[in-house]
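Heads up, the thing below is written out as structure tokens.
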Amino acid sequence: MTKQEALFKYTLRLGDNALILSQRLSEWCSNAPFIEEDLALTNFALDMIGRSQALLKYAGELEGLNRTEDMLAYRRSERQYYNNLLVEQPNGDFAVTMVRQLFISVFEKYYYTEMQKSSDEMLAAIAAKTLKEVKYHLAHAEDWVIRLGDGTGESHYRTQKAIDDLWMFSGELFEMDEVDSKLIAEGIAIDLDKIRPLWKAYIANVFNNGALQIPQDGYMQTGSRQGIHTEYLGHLLSEMQYLQRAYPDAQW
Amino acid sequence: MSTDTQLDSWEVFMQARTGANFIHQGSIHASDKKMALQNARDTYSRRGEGTSIWVVPTSEIVASSPEDVDMLFDPSNDKIYRMPTFYTMPEGAKNI
């Protein structure tokens with residue numbers, strides 16, 4: 001694997017994470033508990049689609065096969081996606097969406113803080129822009145998790161259940177393979193082992209404030225680094241890609 | 001348990017640029033100050049409008065009653081000397 005190939009895969013992962021979570025959050029449009037939250041969640045989705053656009057465009061350039069960001073988003077099949085399993089999980093109830101967002105936003109806060117120092121100028125620039133957005137996503141998700149955890153019996157129960165159900169997808173955020181090690185050596189990628197303890201400490205503090213329990217680390221789901229996904233991604237893609245699959249190159 | 005799930009009402013004021021007046025944008029729902037600021041931001045500054053936000057609980061706003069409109073506002077209409085245009089500028093005055 002050349003450095004260029006590794007960087008393509010690495011950038012694709014980041015772009016896929018933003019794209020798939022954006023699609024998930026957009027499903028809340030017109031369905032959120034109240035109008036302000038509807039706007040907040042769709043704002044997050046728009047932040048993420050902007051980020052994925054920048055990342056997939058860059059990935060297409062690195063690949064050198066003239067694939068645009070739209071082709072990468074709408075013409076790849078499930079096994080060619082490299083997003084973390086966590087972001088493709090269904091929205092569930094509001095607690096599930098907020099816990100998923102908390103897990104990913106804490107990770108992204110530390111991740112993109114480090115990424116600003118990447119020797120790859122494009123990734124460093126995208127990181128600086130992304131970090132401002134991520135801080136806001138995190139503040140919002142953190143507030144809600146504490147509010148729900150420390151709220152009524154029902155909201156506490158649902159939030160703890162969301163944590164227990166999603167916990168097995170948290171380990172995958174920190175998986176690294178030869179793509180990572182090659183790019184870490186170049187000063188481009190982030191050593192995720194350094195982020196893991198920070199992530200866990202932050203999450204533990206939020207849970208503590210919300211009277212929530214951190215689950216025992218048990219079996220952790222894995223697969224996305226090889227393009228292996230949960231049963232949910234295919235359905236998500238079939239909806240997201242429908243138009244470009246049915247009417248290739250359709251413009252509007 | 002209350003069936004009102006809409007939380008409390010807050011009025012949102014936003015400043016377009018530093019030094020400008022805060023202008024009323026509309027209202028939002030939120031359960032506390034922090035959430036009110038976040039919801040105001042998400043509802044009224046989605047396209048980069050604004051440098052600063054105020055949120056005020058709607059219940060804290062004291063409004064005049066429509067019934068008092070005559071008492072409050074009519075008296076000023078027939079006193080044209082309250083308008084600067086009532087006064088003619090003295091000829092030759094420069095710094096007015």
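Computation of the quantities below employed the complete heavy-atom set of this structure, encompassing side-chain atoms and omitting hydrogens, waters and symmetry-equivalent molecules. Nothing here was measured: the structure is a model prediction, and the numbers come from that model. So you know, we letter chains A, B, ... as the sequences are listed, proteins then strands, and number each from 1.
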Is it true that atom OH of A:Y74 has more than 12 heavy atoms of other residues, nucleotides or ligands lying nearer than 6.0 Å? no
Would you indicate whether the side-chain heavy atoms of A:N43 and B:R41 approach each other to under 4.5 Å? yes
Any donor-acceptor pair under 3.5 Å from A:E36 side chain to B:N39 backbone: no
Enclosure of A:R13 CZ (heavy-atom neighbours >12, cutoff 6.0 Å): yes
Report the C-alpha distance between B:D42 and A:Y136 in whole Å, list the side-chain angles of each, state the deciding distance to 0.1 Å, and finish with yes or no for side chain to side chain contact (heavy atoms under 4.5 Å, CB included). CA-CA 10 Å; B:D42 283 319; A:Y136 189 77; 3.1 Å; yes
Could you go step by step and tell me if B:Q38 and A:D143 meet the side chain to side chain contact (heavy atoms under 4.5 Å, CB included) rule? CA-CA 10 Å; B:Q38 286 188 7; A:D143 275 4; 3.2 Å; yes
Counting neighbours of CZ on B:F22 that are heavy atoms of other residues, nucleotides or ligands and sit closer than 6.0 Å, is the number greater than 12? yes
Let me know if A:L46 has heavy atoms under 4.5 Å from chain B in its side chain, its backbone, both or neither. side chain
